[in-house]
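To find a chain, count down the sequence lines: A is the first, B the second, and so on, and within it residues start at 1.
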Amino acid sequence: MDQEQDKIRIWKRRAVLCAIPAFLLVSGIDALPDPIAHQGPLRSVQIRTGQILGIWQGPWSMYAKPSVKYLWLSADFYDEQGIKRDTWNSPYWQEVSGVKKFVHFRHMNYYIRMCSPLHREAAADFAHYMAAQRETELTGELKVELFANNLELTLPAEGEILDPDEFVWVTESRQLYDPWADVDLEALAEPPPITWPRAKQP
Amino acid sequence: MKEKRSWSAFFEAWLFDGCALQTCAFLRVGFGLLVLVYGLVWLRDAHFWFSNQGVVSVETITANQPATMWSIFFWVEPNPGFVTICLTIMLLNAVLLTLGCFGQLQAAFIFFWLVSFQNRNSLIGDGEDSVFRLFAFFLIWMPLDRCYSVTRLLEPVASRIPRCSEAAWPIRLVQIQMAIIYLSAACSKMLSPTWQDGSAVYYVYQMQDNFGRGPLPAFLMETEWLIRLTTWGTMVVEACLPFLLFLSRTRRVGIVLGVVLHLSMEYSMHLFLFQWIMMLGLLAFTKPEDFAWFRRWIPKQNPYQADPLPQRRRLALPAPKTSDGPLKMEEIEEWGGCRTYEDDFIDVEPEDSFPR
């Protein structure tokens, strides 16, 4: 009986001794910063293993590339005749209280991600959701045109620390979803460029 | 003559040395509470984020993700009712984990729910979600209920035998993960021009949507050398932390530095629960003697209760009997190589102790 238990204990030890270096390898390669990481078949196997096991992580950039960008979404609601009925703006996070930022933290992440060209379909889904929320018997079917607006600080070259008065801000407004455009479903169905692992900004 | 230990023997001892049960219990309680807050914030907008009537469809998410990503919501239609039920179960798992009721099972469930919800809507996640998911995975393997737990309370006293054969490797996983995060962050920063030239913190400070939580003195962000010092200091601390935390002589310094780093970020930035989960990760580097050391700083109210804990522990005896009868000397010796802690002993008052 004792021998049996000893055998089990030894096998458990061996399993752990194999699993820990494997974990180190998978996680270590996964967390390599993008410029260092080699995009080879080994990395692809490692990423897939991490995803199947649920332990993927990706590189930890943690503000490695500070990008000062204030971003907000806006939407115009049009009725069937093409008349503008309403507008909507996402919160301007600079002006939101700390408690609200904590509770709406996910919203901040979501709006930022949705503006990425990689998530065009997500923007379309969001537009449809917004339309469905506002549609009433009075308005009928609504169409939503979605925009991403940002105000971005141009970082000076070679580590200059500028006075806030000398900052150069660039504004941009870009259409995220056009309800009248012919949606090329085939193009949408194409797999996007490799998005995993993505750099994170916690 | 001192025998030279090979690296493999050292590695084996490092992984299979006795496990600090108190540390596991603190990790369990801390993680359970954090998952509770995390889940409650999700619950508030559960239909909006995760249901099929929400902002993003399963089809859109799966089109953007590799097929290897899995979620219960890819197999079962995520109608609002189902999403609410799943999230409520996750919260229940978090409560039970905090209380120490079949902790490992609860951790496994939480891991399953976290993967499912995070993959269902990956657009709302960031780095801290990965930390939560990974910690849940590590907790599955830890002896979570051996102290400060409901399971422990419900166990018959006679069966409370010390099980110090519990290996330390699950805690080592948490420690390795923490080191990976700090090293990866430090490497990324070292490769970035703004961190190299020392201006990064100044521009992070300009991110008013994330920064500017607590008021900071103006000179901190107006003095150039201070800005560069803060930037390089942050980078150096992140790069050094893994080494400080793993070396026994500098371990406490590492923990204190890490906590200060995260508390300062928590004070100045809005990053949800990221700093708290990282501080919980630092707790994995603590040892029982740290708690005793910490306890010494707590003022004692009654001088008669001043008998020092280590002495009490030395006088204590291992539980004298198991269900199979009294313990033999060999069995006690078998534990010799392992560390046993307060919870593994029955309390025996020393004869010369003060009356209470």
Contact winner vs chain A - I61(B), D197(B), D45(B), heavy-atom pairs under 4.5 Å: D197(B)
pair Y111(A)-W72(A): side-chain heavy atoms closer than 4.5 Å: no
Closest-packed option against chain B by number of heavy-atom pairs under 4.5 Å, given M108(A), H104(A), M130(A), H107(A): H107(A)
Contact winner vs chain B - I161(A), V68(A), V103(A), heavy-atom pairs under 4.5 Å: I161(A)
Heavy-atom side-chain contact between M265(B) and L271(B) under 4.5 Å: no
K143(A) bridged to E80(A) by N-O distance under 4.0 Å: no
Option that, when pairs with chain B are counted at under 4.5 Å, heavy atom only, ranks first among D163(A), L162(A), L32(A), V96(A): L162(A)
Most chain B-contacting option - heavy-atom pairs closer than 4.5 Å, from R106(A), Q133(A), Q94(A): R106(A)
Among Q177(B), M235(B), M190(B), residue most engaged with chain A (heavy-atom pairs, under 4.5 Å): Q177(B)
R133(B) NZ/CZ over W113(B) ring centroid, <6.0 Å and within 45° of normal: no
Option that, when pairs with chain B are counted at under 4.5 Å, heavy atom only, ranks first among E95(A), R13(A), M114(A): R13(A)
Chain A contacts, top residue of G54(B), C187(B), G198(B), A200(B) (heavy-atom pairs, under 4.5 Å): G54(B)
Heavy-atom pairs under 4.5 Å with chain A, option from I181(B), L273(B), L15(B) with the top count: I181(B)
